[in-house]
Amino acid sequence: MSEELSPEQEKLIKSLKVFKIKGRDKRGRKILRIIGKYFPARSLSVDVLKLYLEKKIFPKLERPFAVVYIHTEVCKSVNFPGISVLRSLYDSIPINVKQNLEAVYFVHPDLQSRLFLATFGRFIFTGGLYGKLKYISRLDYLWDHVSRNKMEIPEFVRDHDEDLEYRPMMDYGVESDHPRVYGAPAVESSVAMYSTRCIS
C-alpha cells in the first residue's frame, strides 16, 4: 500500500474514538468497540483507515476477541462509508484476526440494517462472520454478554436506549425518532408515521 499514515491522520482517527480496545466480555474475550456515529466516512480515505487498523488495532487482536458495534445515530449521508468501503475494510483484515473474531454484538440495529444484512450479509461478509452476528436492541441485553463496568457507552447511546423504552416501535421503522414530549396525550391522526432514521 503506497499511502503512508501521517501523524496528523493517526491523531485524527484516535481523537474520533471510533475504535477502542478495552475490557473483556463474560467469556473472557477482548472487546473491540466501534462507534458508527464517529466513523470518518467523508474525511479519510479507505486506504488511511486500513493503515490505521493494520498498525494500531490488528496487532492487539492476536487472541479470541469480540466486537461491540454501536449503530446508534449512523446516517448514510454523514457517517456511513458505503458497502464497498465496508467490504474493502473487511477484506483487508488478516486471516488470523478473522479467525480470532468470535462474536459481533450489533447494538441498536435499525430496520434497514437488519433487512440489508439478512439479504446480503452472507455474500458480502465471508468466512462465517454473518453467523457470529448478534443483534442487541437494548443495552440491557448487551449486559448479558458484557459486564457494565467493562464497557464505556457514550451518553447519546444511553439516551437513545431510553427513547426506545418509551417508543419501542422505533425499532421497526414505523415511528419517527425525532424528539417528542413523553406522556403527552395521544392525538388521533389519519397520517401514518414513518421513520425518519437514516438508511444504512
(message) Suppose we screen for side chain to side chain donor-acceptor pair (under 3.5 Å). Which residues come up paired with K30, at least two apart in sequence or across chains?
(response) none
(request) Drop me the distance from F58's CZ to K98's NZ, to the nearest 0.5 angstrom. (result) 9.0 Å
(request) Kindly say whether L139 contributes a backbone atom to a donor-acceptor pair with the side chain of D161 at under 3.5 angstrom? (result) yes
(message) If you apply the rule side-chain contact (heavy atoms from CB on, under 4.5 Å), what do you find for L12 with S15, and how did you get there?
(response) CA-CA 5 Å; L12 172 61; S15 70; 4.2 Å; yes
(request) Report yes or no: do S113 and D110 form a side-chain donor-acceptor pair below 3.5 Å? (result) yes
(request) Kindly compute the distance separating OH (Y105) from CD1 (I70), expressed to the nearest 0.5 Å. (result) 13.5 Å
(message) If the threshold is 4.0 Å, N to carboxylate O, is there a salt bridge linking K56 and E10?
(response) yes
(request) Kindly say whether E152 contributes a backbone atom to a donor-acceptor pair with the side chain of R33 at under 3.5 angstrom? (result) yes
(message) Just so I know, are the side chains of K55 and L51 near enough to count as touching, which here means a heavy-atom distance under 4.5 Å?
(response) yes
(message) So, taking the atom named CD1 in I93 and the one named NZ in K50, what distance separates them when rounded to the nearest 0.5 Å?
(response) 10.5 Å
(message) With a 4.5 Å cut-off on side-chain heavy atoms, are I34 and V68 touching?
(response) no
(request) Looking only at non-hydrogen atoms, find the nearest pair between A103 and R29 and report the distance. (result) CB-NH2, 3.8 Å
(request) With the side chain counted from C-beta on, respond yes when Y52 and F19 share a heavy-atom pair under 4.5 Å apart, and no when they do not. (result) yes
(request) With rounding to the nearest 0.5 Å, note down the distance linking NE2 in H160 to CD1 in I153. (result) 13.0 Å
(request) Drop me the distance from I57's CD1 to L32's CG, to the nearest 0.5 angstrom. (result) 6.0 Å
(request) Would you mind telling me which of Y141, Y69, F116 makes a ring-ring contact (aromatic ring centres under 6.0 Å, His included) with F106? (result) Y69
(request) Taking all non-hydrogen atoms of both residues into account, name the closest pair between D25 and A66 and its distance. (result) OD2-CB, 3.8 Å
(message) Using modelled atom types and a 3.5 Å cut-off, is there a donor and acceptor pairing between side-chain atoms of K134 and backbone atoms of V104?
(response) no
(request) May I ask you to test the L61-N100 pair for a side-chain heavy-atom distance under 4.5 Å? (result) no
(request) Salt-bridge test for D163 and R158: reply yes if a basic N is under 4.0 Å from a carboxylate O, no otherwise. (result) no
(message) In the structure I gave you, are the side-chain heavy atoms of Y130 and L117 within less than 4.5 Å of one another anywhere?
(response) yes
(request) Write down the atom of F65, the atom of V97, and the distance for their closest heavy-atom approach. (result) CE2-O, 3.4 Å
(request) Mind listing the closest non-hydrogen atom pair of K132 and L101 along with its distance? (result) NZ-O, 2.6 Å
(message) I'd like to check E102 versus P64 (side-chain heavy atoms, cut-off strictly below 4.5 Å). Are they in contact?
(response) yes
(request) Find out if a path of hydrophobic residues (ILVMFWY) with successive side-chain heavy-atom gaps under 4.5 Å connects L49 to V78. (result) no
(message) Tell me whether K26 contacts the main-chain N or O of W143 through its side chain, where contact means a donor paired with an acceptor under 3.5 Å.
(response) yes
(message) Minimum heavy-atom separation for P109 and R114, please, with both atom names.
(response) CG-NH2, 3.6 Å
(request) Check whether the side chains of K11 and S6 place a donor and an acceptor atom closer than 3.5 Å, and report yes or no. (result) no
(message) Please find the pair of heavy atoms, one from V74 and one from K37, that lie closest to each other, and give the distance.
(response) CG2-N, 3.8 Å
(message) Return the OG1 to CG distance between T72 and L164, rounded to the nearest 0.5 Å.
(response) 8.0 Å
(request) Carefully, step by step, assess E73 and H108 under the rule side-chain contact (heavy atoms from CB on, under 4.5 Å). (result) CA-CA 9 Å; E73 294 189 14; H108 290 158; over 6 Å; no
(message) I want to check something: taking the side chain as every heavy atom from C-beta on, are P40 and Q9 in contact at a cut-off of under 4.5 Å?
(response) no
(request) Could you please spell out the steps behind the salt bridge (Lys or Arg N to Asp or Glu O under 4.0 Å) verdict for R138 and D144? (result) CA-CA 11 Å; R138 299 288 188 283; D144 291 341; over 6 Å; no
(request) For residues I31 and M151, determine if any side-chain heavy atom of one lies less than 4.5 Å from a side-chain heavy atom of the other. (result) yes
